[in-house]
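Heavy-atom basis, side chains included; hydrogens, waters and symmetry copies ignored. Throughout, residue positions are numbered sequentially from 1 according to the sequence presented.
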Amino acid sequence: MIRTERLVLRRPEPTDIEALAAIWGDPAVMADLGPVKDRRASEATLTRHLDYWDHGYGFWLVEKHGAVAGFAGLKPGAPDTPIEGEVEAGWMFAPPFWGQGLAGEAMRAALGWGWTEVAPPRIVAITAELNGASRRLMDRLGMVHLPALSFDHPAFTADDLRRRTVTYALARPQ
């Protein structure tokens, strides 16, 4: 568990499915991230994320004053992409928690934890090229855009505007 000034980041549990399914099923949340997930897809996604912890790291459920605000953390880089084998950072928050700096607060905590507990040479993040909000957060976190690692994400169809994906990286602090 990680505590920040306003947040608690804790490992998700299967009983968190209702809150996470609400986030993954929200078209506003998923607009730049991928298809809206129904209950079955949400359950499969949660299972996959719980399995990431077998690597010693994963995403945390992010709570603010006991309410589920989002889902954020570190995971193995997406297979069949240029970041496979890297440590990948990611986040998503429910709309009532947007615009409060919570994603940045959660990710600074997650990155700090990652440097201590996982100790990779760098941590990467990817997003759709058109996802300006995530790209701005990557900049604020000190991540650097790596144009040479831009790619067409295999999870999206050729006509999906989210297919073109950009990569950012943050080198391990000295």
Side-chain angles (χ1 to χ4, degrees), residues 12 16-55 57-62 68-104 106-107 110-111 114 120 122-171:
D16 293 318
I17 187 60
E18 293 302 325
L20 290 170
I23 293 171
W24 291 324
D26 187 322
V29 173
M30 301 307 291
D32 291 328
L33 301 175
V36 172
K37 292 178 176 35
D38 63 14
R39 175 62 183 241
R40 177 173 280 165
S42 293
E43 288 171 352
T45 299
L46 178 56
T47 297
R48 186 175 66 251
H49 275 277
L50 293 173
D51 289 346
Y52 291 146
W53 283 99
D54 292 344
H55 297 273
Y57 56 97
F59 273 42
W60 290 275
L61 190 81
V62 181
V68 175
F71 197 55
L74 307 172
K75 69 178 196 69
D80 302 320
T81 71
I83 65 161
E84 184 171 7
E86 304 250 19
V87 175
E88 178 185 354
W91 54 88
M92 61 176 49
F93 282 75
F97 299 95
W98 292 357
Q100 302 173 38
L102 301 180
M107 289 314 301
L111 291 167
R122 69 179 183 182
I123 294 175
V124 300
I126 61 173
T127 194
E129 186 174 61
L130 57 77
N131 188 344
S134 286
R135 293 182 75 175
R136 286 188 297 277
L137 178 54
M138 292 172 191
D139 287 334
R140 285 193 304 275
L141 291 170
M143 296 184 131
V144 175
H145 181 214
L146 303 176
L149 293 183
S150 292
F151 63 100
D152 289 331
H153 202 295
F156 296 100
T157 60
D159 62 340
D160 193 320
L161 296 177
R162 297 169 293 191
R163 184 175 174 88
R164 192 67 188 154
T165 302
V166 294
T167 302
Y168 283 68
L170 183 62

- request: Look at the aromatic rings of Phe156 and His153 and report parallel, tilted or perpendicular, splitting at 30° and 60°.
  value: perpendicular
Drop me the distance from [X]'s [atom1] to [Y]'s [atom2], to the nearest 0.5 angstrom.
X      : Y      : atom1 : atom2 : value
Glu129 : Thr167 : CD    : OG1   : 11.0 Å
Met92  : Ile23  : CE    : CD1   : 8.0 Å
Leu111 : Ile123 : CG    : CD1   : 5.0 Å
Leu46  : Asp51  : CG    : CG    : 9.5 Å
Leu149 : Thr81  : CG    : OG1   : 9.5 Å
Thr127 : Tyr168 : OG1   : OH    : 9.0 Å

Taking all atoms of both residues into account, what is the closest heavy-atom pair of [X] and [Y], and its distance?
X      : Y      : answer
Phe93  : Ala106 : CZ-CB, 3.9 Å
Ala169 : Arg122 : CB-CD, 4.0 Å
Leu170 : Gly142 : CD1-O, 3.3 Å
Met143 : Ala89  : CE-CB, 4.5 Å

Within-4.5 Å side-chain heavy-atom neighbours: [X] and [Y]:
X      : Y      : result
Arg135 : His145 : yes
Asn131 : Leu33  : yes
Val62  : Leu102 : no
Ile126 : Glu86  : no
Ile17  : Arg39  : yes
Pro95  : Asp26  : yes

- request: Report yes or no: does Gln100 contribute a side-chain atom to a donor-acceptor pair with the main-chain N or O of Pro96 at less than 3.5 Å?
  value: yes
message: When you measure from the side chain of Thr165 to the backbone of Arg163, do you find a donor-acceptor pair of N or O atoms at a distance under 3.5 Å?
response: yes
message: Among Trp60, Phe59, Tyr52, which residue satisfies the ring pair (Phe, Tyr, Trp, His ring centres under 6.0 Å) criterion with Phe71?
response: Phe59
query: Does Arg162 pair with Asp160 as a salt bridge, N-O distance under 4.0 Å?
result: yes
